[in-house]
Amino acid sequence: MKIRANLMTRGFYQRSPLEVAPALLNKVMATADGRSGRIVEVEAYCGALDAAAHSYRGRTARNATMFGPPGHMYVYFTYGMHWCANAVAWETEPGSGVLIRALQPLTGLDEMRSARGIQADRLLSSGPARLCQALGITGKEDSLDLTDRQSRVTILDDGVSPPAQPGNSPRIGIAKDAAHPWRWYVAGNPYVSGPKRALQP
DNA sequence: GTTTCGATTGTG
DNA sequence: ACAATCGAAACC
């Protein structure tokens, strides 16, 4: 069955990560080989304004992609074993981006189960490193253009709007600038990662 | 040059 | 609660 979907354009990413992040909720992250999932959890990182951002202290070899054009994918390696993926945002606020934290699996579930080495759908792609493993994203994909139809990874709009009232909380797993409520998620979605927090009143 | 620590996950 | 595991950042 063919899904009608439009590639997100460069312009979509050309604004503050604080706007791009919630706008990415319910968009679809897809690979060229048919794996895809709906984005249900994201976090914004704001470059020099954000002590928790990798780009806070300026450009390095590792974070160079974050200082490049919006709409490209910044992939980093952490804890000696995990890859995580971001969409680069506003270029006039250098080093900003949106960490993709969880996907609800849509297609290519067998490929994802194989890549993850597990069966449970709930654990396939709920978590920033889990979704990269599920989609086969590694450092090799760092800097690829998410707005290029030829790229191995893209982000699409299949017609589902972002939630009118997304869940919102401080970001997970950071020590500095931890108070900023720069995490957004699809409230009630079972594929959202992280410790269960109180939902909106 | 050496040490510290992480935008995490899986297991105990 | 805590180990796994290694490269980049931080420090000297």
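Labels below follow one simple rule: chain letters A, B, ... track the order of the sequence lines, proteins then strands, and each chain is numbered from 1.
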Problem set entry | Hphob cluster co-occupancy, Tyr13(A) + Tyr45(A), side-chain heavy atoms under 4.5 angstrom |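 They do not share one cluster, since no chain of ILVMFWY contacts under 4.5 Å joins Tyr13(A) to Tyr45(A).
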Problem set entry | same_hphob_cluster(Leu25(A), Leu131(A)) at 4.5 Å side-chain heavy-atom cutoff |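 As far as the 4.5 Å side-chain criterion goes, Leu131(A) and Leu25(A) are connected within one cluster.
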Going by an N to O cut-off under 4.0 Å, is there a salt bridge joining [X] and [Y]?
{"X": "Lys27(A)", "Y": "Asp158(A)", "result": "no"}
{"X": "Asp33(A)", "Y": "Arg35(A)", "result": "yes"}
{"X": "Glu43(A)", "Y": "Arg101(A)", "result": "yes"}
{"X": "Arg113(A)", "Y": "Asp121(A)", "result": "yes"}

Interatomic distance, [X] [atom1] vs [N] [atom2] [rounded to whole Å]:
{"X": "Leu124(A)", "N": "dT8(B)", "atom1": "CG", "atom2": "P", "value": "19 Å"}
{"X": "Trp83(A)", "N": "dG6(B)", "atom1": "CH2", "atom2": "P", "value": "19 Å"}
{"X": "Tyr45(A)", "N": "dG6(B)", "atom1": "OH", "atom2": "P", "value": "13 Å"}
{"X": "Arg122(A)", "N": "dT9(B)", "atom1": "CZ", "atom2": "C1'", "value": "13 Å"}
{"X": "Tyr76(A)", "N": "dG6(B)", "atom1": "OH", "atom2": "C1'", "value": "9 Å"}
{"X": "Leu99(A)", "N": "dT9(B)", "atom1": "CG", "atom2": "P", "value": "9 Å"}
{"X": "His82(A)", "N": "dC5(B)", "atom1": "NE2", "atom2": "P", "value": "19 Å"}
{"X": "Leu123(A)", "N": "dT9(B)", "atom1": "CG", "atom2": "C1'", "value": "10 Å"}

Would you say a side-chain N or O of [X] is under 4.0 Å from OP1 or OP2 of [N]?
{"X": "Arg130(A)", "N": "dG10(B)", "answer": "yes"}
{"X": "Arg116(A)", "N": "dG10(B)", "answer": "yes"}
{"X": "His54(A)", "N": "dA7(B)", "answer": "yes"}

For this session: Quick one: sort the Trp83(A) and Phe77(A) rings into parallel, tilted or perpendicular, breaks at 30° and 60°.
Result: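 Tilted, since the angle between the ring planes falls between 30° and 60°.
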For this session: Starting from the 5' end of DNA chain C, give me the residue, Asn63(A) or Met81(A), whose nearest nucleotide shows up first.
Result: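 So the residue in question is Met81(A).
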Exercise. Around atom CZ of Phe67(A), are there more than 12 heavy atoms of other residues, nucleotides or ligands at under 6.0 Å?
Worked result: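 More than 12 within 6.0 Å, yes.
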Problem set entry | Minimum-distance nucleotide (side-chain atoms of Tyr79(A) versus dG6(B), dT9(B), dA7(B)) |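 Nearest to the side chain of Tyr79(A) among the choices is dG6(B).
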Problem set entry | Nearest to side-chain heavy atoms of Ala129(A), which nucleotide of dA7(B), dG6(B), dT9(B) |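 Out of dA7(B), dG6(B), dT9(B), the nucleotide with an atom closest to Ala129(A)'s side chain is dT9(B).
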Problem set entry | Heavy-atom contact window of chain A on DNA chain C, given 5' to 3' at under 4.0 Å |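 Reading along DNA chain C, I get dA4(C) to dA10(C).
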For this session: Grab the stems for DNA chain B, please: at least three consecutive Watson-Crick or wobble pairs, both distances below 3.5 Å, written as range with range.
Result: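 Only these stems qualify: B:1-6 with C:6-11, B:8-11 with C:1-4.
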Problem set entry | Ser125(A) and Arg130(A): side chain donor to acceptor below 3.5 Å |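 Checked: Ser125(A)/Arg130(A) side chains show no N/O donor-acceptor pair below 3.5 Å.
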